[in-house]
Amino acid sequence: MALSREEREEFLAEAQVGSLGVAAGAERGPLVVPIWYAYEPGGEVWVVTEADSRKARLIADAGRFTMLAERTAPTVRYVSVEGPVVEQRPATDEEHRRMVRRFLPGEAGEQYLAMTEEMFGELQYISMRPQRWLSSDMGSF
């Protein structure tokens, strides 16, 4: 069954690893990768990624992307949103820290931040305005 607007927005706002999809060219299927994302009901979906990553370049070229969040318990549920990029710019340290702490609170988050400071170069903040929604809750099995 399709979710109501409130249900799908609340579900998308939960801290879940998403799947980001973006067009990858005429001779290829879309690039689909797991990614941390953030969303607040009524707002934009946003991600932080390496500025020189393939996904960042493809999103800049396409001007839009899709985000899928799903779970299998306690029910099989998913929400998919697609829309235009609203902003693509260098990410601030605070945006990076906020995203990491959303998924890795406490010491694990601090360790991850220390590791990525050495591994990653410049990061980008990319936000998307949800334009098209697909959702379903298929119950429990």
Assess whether a salt bridge exists between Arg98 and Glu94, defined as any Lys/Arg side-chain N lying under 4.0 Å from an Asp/Glu carboxylate O.
no
Any chance you could measure Leu31, atom CG, to Leu58, atom CG, to the nearest 0.5 Å?
6.0 Å
Are any of the side-chain heavy atoms of Val47 and Trp36 separated by less than 4.5 Å?
no
Salt bridge or not between Glu14 and Arg8? Use side-chain N to carboxylate O under 4.0 Å.
no
How about CD on Glu87, more than 12 heavy atoms from neighbouring residues, nucleotides or ligands closer than 6.0 Å, or not?
yes
Counting distance only, does the side-chain N/O of Ser135 pair as donor-acceptor with the main-chain N or O of Leu3 below 3.5 Å?
yes
In one Ile/Leu/Val/Met/Phe/Trp/Tyr side-chain cluster, 4.5 Å: Val33, Ile126:
yes
Is a donor from one side chain sitting under 3.5 angstrom from an acceptor on the other, for Gln16 and Glu70?
no
Within a radius of less than 6.0 Å around CE of Met115, do more than 12 heavy atoms belonging to other residues, nucleotides or ligands occur?
yes
Could you state whether Val100 and Phe103 fall into the same hydrophobic cluster, counting links through intermediate Ile, Leu, Val, Met, Phe, Trp or Tyr residues with side-chain heavy atoms under 4.5 angstrom apart?
yes
Please report the C-alpha distance between Ile35 and Met67 in whole Å, then the side-chain angles of each, then the deciding distance to 0.1 Å, and finally whether the side-chain contact (heavy atoms from CB on, under 4.5 Å) criterion is met.
CA-CA 9 Å; Ile35 194 165; Met67 180 64 58; 3.7 Å; yes
Minimum heavy-atom distance Glu44-Ser127, with the two atoms named
OE1-OG, 3.3 Å
Test item: Arg129 and Val85 side chains (from C-beta on) under 4.5 Å apart, heavy atoms
no
Would a 4.5 Å heavy-atom cut-off, applied to side chains only, mark Arg71 and Tyr78 as touching?
no
Please determine whether side-chain contact (heavy atoms from CB on, under 4.5 Å) holds for the pair Ser80 and Thr66, giving the CA-CA distance in whole Å, both sets of side-chain angles, and the decisive distance to 0.1 Å.
CA-CA 7 Å; Ser80 176; Thr66 300; 3.6 Å; yes
Between Leu134 and Met1, is there shared hydrophobic-cluster membership here, with clusters defined by ILVMFWY side-chain heavy atoms closer than 4.5 Å?
no
Does any N or O in the side chain of Ser4 come within less than 3.5 Å of the main-chain N or O of Glu7, such that one atom is a donor and the other an acceptor?
yes
Is there a continuous path of hydrophobic side-chain contacts, each under 4.5 Å between heavy atoms, that joins Phe65 to Trp133?
yes
Count I, L, V, M, F, W, Y as connected when their side-chain heavy atoms are under 4.5 Å apart, and connections chain through other members. Are Val76 and Leu68 then in the same cluster?
yes
Steps toward side-chain contact (heavy atoms from CB on, under 4.5 Å) verdict (Ile59, Gln124):
CA-CA 11 Å; Ile59 290 169; Gln124 276 206 334; over 6 Å; no
Is there a side-chain contact between Pro130 and Val45 in this structure, where contact means two heavy atoms from C-beta onward sitting under 4.5 Å apart?
yes
Are there more than 12 heavy atoms of other residues, nucleotides or ligands under 6.0 Å from atom CZ of Arg5?
no
Counting only N and O atoms by type, is there a donor-acceptor contact under 3.5 Å from the side chain of Tyr37 to the main-chain atoms of Leu12?
yes
Checking side-chain contact (heavy atoms from CB on, under 4.5 Å) for the pair Arg77/Phe11: CA distance, chi angles, key distance, verdict?
CA-CA 9 Å; Arg77 179 179 278 200; Phe11 181 76; 3.3 Å; yes
Any heavy-atom pair between the side chains of Leu113 and Arg97 that's under 4.5 Å?
yes
Mind checking whether Tyr39 and Trp46 have side chains closer than 4.5 Å, heavy atoms only?
no
Gap between atom OG1 of Thr49 and atom CZ of Arg54 - 0.5 Å precision
12.5 Å
Could you tell me whether Glu50 and Lys55 have a side-chain N and a carboxylate O separated by less than 4.0 Å?
no
Donor-acceptor check, side chain of Glu95 to backbone of Thr92, threshold 3.5 angstrom: yes or no?
yes
Could you tell me which non-hydrogen atom of Ala24 sits nearest to which non-hydrogen atom of Gly29, and how far apart they are?
CB-O, 3.3 Å
Aromatic plane relationship, Phe120 with Tyr112 - under 30° parallel, 30 to 60° tilted, over 60° perpendicular
perpendicular
Give the minimum heavy-atom separation between Gly83 and Met128, together with the two atoms involved.
O-CG, 3.3 Å
Examine distances only and state if a side-chain atom of Arg57 and a backbone atom of Ala51 form a donor-acceptor pair shorter than 3.5 Å.
no
Between Arg132 and Glu82, is there a salt bridge with N-O shorter than 4.0 Å?
yes
